[in-house]
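The figures that follow rest on heavy atoms only: side chains count, while hydrogens, waters and symmetry mates do not. Keep in mind the model is a prediction, meaning the values are calculated, not measured.
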Amino acid sequence: MPVIRTDGIAWAPETPAARHAIAARLAKDPTACAAAPPSARLALVLARCHALEATRRAHELKGEAWRSGGISPSFSWVADARDSTSDAPPLLDVLIRLRMRAVALCRLCHGTAAPDTLEALLDLARAYAASGLWLQAEAHAKRVVSLLTETPARVDDGNDVVSMADEAAATSVLGLFSRLASIAAAAAHQSRVPWHALVTILANAGEPRLAEQPWGVLEGADGFARRPDVPGGDLSWAGVVSFLRVAHGGFAAVTRRLEAVAPTHDTAALDHAFRAAVVTPGAGAAFAAPLRDAVIASSSAAAALAGSGLAVWLCARVDADAARGAAAAPVTWEECVAALVACPFPVSVGGTTSLSPRAAVQRVANLRARAHVLCGRAHARRGELAAAAHVLRSALHASKNADRPSGAVAADAHAALADVAVAACAVSRRRGDVALQWIDSEAEEFAATCESRRHHANGTTADAKADAEWTPDVRAKASVTVRPTCSGSPGAARDPAATAAASHLERAEAASEVVYGRVTSNFAAALVLAARGALAAATGDDKAACDTFARAEVRLGAAGAPAPRAATNVRLARILRRYPSRRHEAARRLSAAAVFYNGCAVAAAEVAAAAADAAVVDRADTARTQYARLASTCWAEAAEILRRCGTIANGPGLTACVDAL
């Protein structure tokens, strides 16, 4: 049973981590920020980018995307995400400008073709894609591919390369805090660290800069001298951390070096999740379990760190803290950076073992795969389906050499290939000819390699959030209408394009589990389930569609995503109403969706009435109109179903349906 921590303040160091202290000072003083080194400004810019991404994502999941500057139809069951406006809302305008600054600062800090700079270019491309500016997004993605192809030597050699000495220093930091946590957890010490124990640990550290004796305390014949200002010679755990940050120059030097060599974008993503889990603001310490949950909840951190040594270390720390109970010490920011650099669990690279979590060959392959995915999506949006499939397959091939081959990049590529397969099916049926040859090849490959595994795991796929970077295209499949050849017929199940789409969606779900874990709150896996339900409905398999939609609805509720949950309820209800025995359930689901849409309309109306900015009023009024229309449609359909069932279709009757859901 997990331990509920109520002693966060007692474990909170009074002195923040150096990175957080610098960021807070620069955020308050524009003059100091302008004069700060590029690396400090880059950290601040990336922190703002992650904050904006989190805000936009939260608004979209709650059906309040208009609050970020525009209304997103991605979760509306009547809209097709592919037809959304290309006008970038203000929040995305700000995000694009910040991503541009990040690119410029990365060039100053690392060079034009360094991995960190290429990651910044890909993040800028994703921001353009989110705004509907696909020409710019594709141009930046192709630029990354060009740099990876033309200047491989420069890409492999960064300005700050993790050396064996850095990995050893990071391992020493992890060992230091591990021993301190063990001492604090011992019953005899009552969550305190004796001064002589601290000196002993530091003196025996493998890193020379940590082994420097603090404050001139030396070991003598009579043992260690006590600090005169520490009663009983003991320090609280928070006092130990504050001492290391303020008074131990060697510890500060090691921390600065580890932050310099750690991957810039991974560090920024981890920092964003860390700040959401801190015991108190500015403490620079977080308990392991909340930190793990924050990493999973952050799409950027989960995608960057899934399967890494840090993720394995953090999970091991959660297990160790559960055994220690209330005496378990928090995780410091310095520990997280050390784990990011040290990667205490080896990663296999081409038959050899590398201690680095982001070895050059792996990182280059990851960047290439991400760039190919963006290019493939751009081809698909222009209707160039064969070219899109070719580029996306190249992304899958490149991801096999990446650091986490089954993770976010693979999930993104498989989801995009499923989109392409569904679009190809629709095109071939409009023309009245058979599916394209490359779709047939996809289906044959799936049948040859995955059919037995799929049947074996049928109905037992583990609950699993793929990267928010690709979920909008997964959501779009809920709006794609594919006419079945014969409702529920065996021929529909053998459609090559549908088979290929099902194959890629299944693989995308499995990859998302690698990134976000097998938990019911996995938002990305829930979206993949909804897409699989839409595909089953399009091919006439109502039973599979109902089962899949129902599972997706439960997981979306657990993930705190009411907007896609309402859209899923509507799609499920429109299938259930065909069957007399399940019409009451259909009415309940439609009523629940109507209540949600009505609440969104009311909230938008309140903002429109109180706002002074004309642009805000226009956005809120547009949102109110759209959500009111959705609510009205759902109420009307629920009332019609109840009338057919002989139930009184009035307001109380519909409310009772909602209460019964």
Nearest heavy-atom neighbours spanning [X] and [Y]:
X: A277; Y: A294; answer: CB-CB, 4.1 Å
X: P330; Y: E335; answer: O-OE1, 3.8 Å
X: A416; Y: L392; answer: CB-CD1, 3.6 Å
X: L527; Y: P564; answer: CD2-CB, 4.3 Å
X: V373; Y: V409; answer: CG2-O, 4.4 Å
X: T267; Y: A262; answer: OG1-CB, 3.4 Å

How many angstroms lie between atom [atom1] of [X] and atom [atom2] of [Y], to the nearest 0.5 angstrom?
X: R101; Y: L98; atom1: CZ; atom2: CG; answer: 6.5 Å
X: W134; Y: H379; atom1: CH2; atom2: NE2; answer: 11.5 Å
X: E119; Y: T117; atom1: CD; atom2: OG1; answer: 9.5 Å
X: R507; Y: L396; atom1: CZ; atom2: CG; answer: 8.0 Å
X: L118; Y: H265; atom1: CG; atom2: NE2; answer: 9.0 Å

Exercise for review: For the pair L52 and L92, evaluate side chain to side chain contact (heavy atoms under 4.5 Å, CB included) and give the outcome as yes or no after the intermediate values.
Suggested key: CA-CA 8 Å; L52 284 178; L92 285 173; over 6 Å; no
What residues, two or more places apart in sequence or in another chain, satisfy side chain to side chain contact (heavy atoms under 4.5 Å, CB included) together with [X]?
X: E207; answer: A169, S172, R209, L210, V254
X: P562; answer: F596
X: V318; answer: A288, A289, R292
X: A170; answer: L258, A338, V341, A342

Check your understanding: Any Lys/Arg nitrogen of R377 or D412 sitting under 4.0 Å from an Asp/Glu carboxylate oxygen of the other?
Key ->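 Salt bridge flag = yes for D412 with R377.
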Review point. Thinking salt bridges, do R97 and D93 make one under a 4.0 Å N-O criterion?
Key: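 So R97 does not pair with D93 through a salt bridge.
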Check your understanding: Does T264 have any side-chain hydrogen bond (donor to acceptor under 3.5 Å, both in side chains) partners at least two apart in sequence or in another chain, and if so, which?
Key -> H110, D116
Point to revise | Whether W237 and F177 hold their rings parallel, tilted or perpendicular, with breakpoints at 30° and 60° | key: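 The arrangement is tilted - the two ring planes meet at 30° to 60°.
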**Study point:** Where at least one partner belongs to residues 17-35, residue pairs that pass side chain to side chain donor-acceptor pair (under 3.5 Å), sequence neighbours excluded
**Key:**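 Listed once each, the pairs are R19-D271, H20-D271.
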Check your understanding: Which is it for C336 and L291 under the side chain to side chain contact (heavy atoms under 4.5 Å, CB included) test, yes or no, and what are the steps along the way?
Key -> CA-CA 10 Å; C336 292; L291 177 58; 3.7 Å; yes
Is the side chain of [X] donor-acceptor paired with the backbone N or O of [Y] at a distance under 3.5 Å, no angle test?
X: T255; Y: F251; answer: yes
X: S242; Y: E14; answer: yes
X: T149; Y: V145; answer: yes

Check your understanding: What residues form a ring pair (Phe, Tyr, Trp, His ring centres under 6.0 Å) with H140, not counting sequence neighbours?
Key ->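 Listed in chain order: Y128.
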Close side-chain approach of [X] and [Y], heavy atoms under 4.5 Å:
X: W333; Y: V278; answer: no
X: L310; Y: L270; answer: yes
X: H414; Y: E509; answer: no
X: M100; Y: V103; answer: no

**Study point:** side chain to side chain contact (heavy atoms under 4.5 Å, CB included) assessment of V144 paired with R368
**Key:** CA-CA 7 Å; V144 171; R368 190 185 304 276; over 6 Å; no
Exercise for review: State which residues pass salt bridge (Lys or Arg N to Asp or Glu O under 4.0 Å) with R99; sequence neighbours excluded, sorted by chain then number.
Suggested key: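 Partners of R99 by the salt bridge (Lys or Arg N to Asp or Glu O under 4.0 Å) criterion, ordered by chain and then number, come out as E53, D123.
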**Study point:** Those residues that, when tested against R245, pass salt bridge (Lys or Arg N to Asp or Glu O under 4.0 Å) (two or more places apart)
**Key:** E334
Side chains of residues 34-51: which donor-acceptor pairs under 3.5 Å do they make with residues two or more places apart or in other chains?
from, atom 1, to, atom 2, distance (Å)
R41, NE, A36, O, 3.1
H50, ND1, S300, OG, 3.2

Review point. Among pairs that include at least one residue of residues 129-144, which meet salt bridge (charged side-chain N to carboxylate O under 4.0 Å, His left out), considering only residues two or more places apart or in two chains?
Key: E138-K142, E138-R382
Practice item. Test R107 against L121 for side chain to side chain contact (heavy atoms under 4.5 Å, CB included), laying out the working first. Key: CA-CA 10 Å; R107 284 172 176 161; L121 278 171; 4.3 Å; yes
